[in-house]
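So that the names make sense, note that chain A is the first sequence line, chain B the second, and so on, each numbered from 1.
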Protein chains: 2
Amino acid sequence: MSLPHALLGLLAVEPASGYALTKAFDESLGRYAWYAGHTSIYPELGRLAERGLVEVTAEGPRGSRTYAVTDAGRDELRSWLLTRPSEAGKVRNESVLRMFLLSALDPADARTVLTGIAADARAGADELRTIRADHPGPLTGRNGFGQLAAEFGLRQYEAVHEWATWALDQLGAQTPDDRTDAADPAHTF
Amino acid sequence: MSLPHALLGLLAVEPASGYALTKAFDESLGRYAWYAGHTSIYPELGRLAERGLVEVTAEGPRGSRTYAVTDAGRDELRSWLLTRPSEAGKVRNESVLRMFLLSALDPADARTVLTGIAADARAGADELRTIRADHPGPLTGRNGFGQLAAEFGLRQYEAVHEWATWALDQLGAQTPDDRTDAADPAHTF
DNA sequence: TTCTGACATGTCACATTTGACATGTCAGAA
DNA sequence: TTCTGACATGTCAAATGTGACATGTCAGAA
């Protein structure tokens, strides 16, 4: 279970409320790495506080509580990150599952789905390129997650696009949607 | 919950026993898309059989039962795959989580971990290139998952390697060994 | 002033997953 | 023959996660 370490990691960068953490999961972290809803986050913060890994450092308006990681929490996070796990962690990713299950469809259906995947990947990559251009910043600290996520996500989308293109090629198909804007430099992979 | 569809997808390609499905999850599917252990798979096969989406078509030695997808199951799978979900599915990937949490470490530690990630990614890519060279095959049918997984995984590893290289570059040219300024890790940000 | 939407935290029943435990078969090697 | 390891399936308690429901604050717009 990685949720406590995800929370520790976010709080190690900057103290935050449960609400702010929930937004971080929705935006950067949860999109590529580890999703969690507020109904898991709030109870887990309580458990981390009981274990002395985080503490409430401030209370604000609307009952908000700001949590910060303690020294013990920082030690726990650091040792978790520096210990390389022997086995690869379990993966759950519905999008990727859908991609793999294509081999169970007949080629016509597979082509339809692959075309959609390629288009989505291109759109996702374009979006992240825009975000990257608008938000430069340092790799560590409060911008770190966003930067790492954007750069990782961009390469991820590009890889998916290349993969989908390869798969379509294997199926002996053209990708009509995908070729219409091929001349636009902003859309060139 | 995607497990039933994952099973349907595997069985749509080729009838298999619970044991064989478990191995498929351990090998191709579970490495990149969706992990499940035998303790989820066997009960889920029972539920799918109750719903008439799969059926037992043969019984073999050691009590093994071969399941095959029914017409109803094939319909269910096809409509699931052809319906594009409005929201991106929830992602759980401990490896990626570890990458993102790097921004909570001081640069020296981050560099150590990133170097390991880059090395792992390179090794993974090399391994898959070897596998690909040794096992050519068609995209659909019983080899489909393996082919899709290998090609996807290869691009994934390459993307991770590029990303880790980019991140190391962002952290500066300094190597961990070169580092002489002993800043307190807890107060780096 | 009233309303809307973001802020902010929580509980609880239900579903799902995990890890430990359990059982037994069969082929091939020592 | 005995032993080992892969084959093959299962249960069950405990841990976790999900979605629905619940409550209330505060700022700014209409």
S.K.: Taking only residues at least two apart or on different chains, which pairs with a member in residues 92-133 of chain B satisfy ring pair (Phe, Tyr, Trp, His ring centres under 6.0 Å)?
M.R.: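 Every pair satisfying ring pair (Phe, Tyr, Trp, His ring centres under 6.0 Å) with a residue in residues 92-133 of chain B: A:Phe152-B:Phe100.
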
S.K.: Report the residue (A:Met1 or B:Arg65) whose heavy-atom-nearest nucleotide on DNA chain D is the more 5′ of the two.
M.R.: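 By nearest-heavy-atom nucleotide position, the 5'-most residue is B:Arg65.
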
S.K.: Please work out if B:Gly63 contacts a base, only the sugar-phosphate, or nothing of the nucleic acid, heavy-atom cut-off 4.0 Å.
M.R.: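 Sugar-phosphate, no base atom in range.
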
S.K.: Shortest non-hydrogen contact from B:Gly9 to A:Ala104?
M.R.: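 Result for this residue pair: O-CB, 3.5 Å.
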
S.K.: If you group Ile, Leu, Val, Met, Phe, Trp and Tyr by side-chain heavy-atom gaps below 4.5 Å, do B:Met1 and B:Tyr35 land in one group?
M.R.: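 Hydrophobic grouping puts B:Met1 apart from B:Tyr35.
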
S.K.: Can you find a pair of side-chain heavy atoms, one from A:Thr66 and one from A:Val56, that are under 4.5 Å apart?
M.R.: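 The answer is no, as the side chains (C-beta and beyond) never meet within the 4.5 Å cut-off.
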
S.K.: State which residues pass side chain to side chain donor-acceptor pair (under 3.5 Å) with A:Asp26; sequence neighbours excluded, sorted by chain then number.
M.R.: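 For A:Asp26 there are no side chain to side chain donor-acceptor pair (under 3.5 Å) partners, ignoring immediate neighbours.
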
S.K.: For DNA chain C, which residues of residues 21-36 of chain A approach it to below 4.0 angstrom with any heavy atom?
M.R.: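 Within residues 21-36 of chain A, the residues near DNA chain C are A:Lys23.
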
S.K.: Please enumerate all residues that pass salt bridge (Lys or Arg N to Asp or Glu O under 4.0 Å) together with A:Lys23, with sequence neighbours excluded.
M.R.: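 Once residues adjacent in sequence are excluded, A:Lys23 has no partner under the salt bridge (Lys or Arg N to Asp or Glu O under 4.0 Å) criterion.
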
S.K.: Only counting residues at least two apart or in another chain, list the ones meeting side chain to side chain donor-acceptor pair (under 3.5 Å) with B:Arg62.
M.R.: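 With neighbours one apart ignored, the set is empty.
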
S.K.: Name all residues meeting the salt bridge (Lys or Arg N to Asp or Glu O under 4.0 Å) criterion together with B:Arg74; count only those two or more places apart in sequence or in a different chain, and write none if there are none.
M.R.: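 With neighbours one apart ignored, the set is empty.
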
S.K.: Any Lys/Arg nitrogen of A:Glu27 or A:Arg31 sitting under 4.0 Å from an Asp/Glu carboxylate oxygen of the other?
M.R.: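 Judged by the 4.0 Å cut-off on N to carboxylate O distance, A:Glu27 and A:Arg31 do not form a salt bridge.
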
S.K.: What stems, by residue range, does DNA chain C take part in, given at least 3 consecutive Watson-Crick or G-U pairs under 3.5 Å?
M.R.: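 C:1-30 with D:1-30 - these are the stems of 3 or more pairs that involve DNA chain C.
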
S.K.: Would you compute the distance between atom CG of B:Leu11 and atom CG of B:Leu53 and round it to the nearest 0.5 angstrom?
M.R.: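 One gets 10.5 Å once the value is rounded to the nearest 0.5 Å.
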
S.K.: Mind checking side chain to side chain donor-acceptor pair (under 3.5 Å) for B:Asp120 and listing every partner two or more places apart, or none if nothing turns up?
M.R.: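 With sequence neighbours excluded, B:Asp120 shows a side chain to side chain donor-acceptor pair (under 3.5 Å) to A:Arg84, given in chain and number order.
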
S.K.: Expected output is a numbered-order residue list: members of residues 39-58 of chain B with a heavy atom under 4.0 Å from any atom of DNA chain C. What is it?
M.R.: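 Output list: B:Thr39, B:Ser40.
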
S.K.: Below 4.0 Å from chain A heavy atoms, what is the first contacting nucleotide of DNA chain D and what is the last?
M.R.: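 Endpoints of the contacted stretch of DNA chain D: D:dT16 to D:dC26.
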
S.K.: Once salt bridge (Lys or Arg N to Asp or Glu O under 4.0 Å) is applied, do any residues pair with A:Glu94, and if so which ones, sequence neighbours excluded?
M.R.: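 Testing A:Glu94 for salt bridge (Lys or Arg N to Asp or Glu O under 4.0 Å), a comparison that skips the adjacent residues, returns A:Arg98.
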
S.K.: With nearest nucleotides of DNA chain D determined for A:Pro61 and A:Ser2 from heavy-atom distances, which residue corresponds to the more 5′ nucleotide?
M.R.: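 Comparing both residues, the 5'-ward one is A:Ser2.
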
S.K.: Report the residues that fulfil ring pair (Phe, Tyr, Trp, His ring centres under 6.0 Å) with B:Phe25, sequence neighbours left out, ordered by chain and then residue number.
M.R.: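 B:Phe25 satisfies ring pair (Phe, Tyr, Trp, His ring centres under 6.0 Å) with no other residue.
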
S.K.: Once you apply a heavy-atom cut-off of 4.0 Å, does A:Gly37 come out as touching a base, just sugar-phosphate, or nothing?
M.R.: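 Nothing, no nucleic acid heavy atom in range.
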
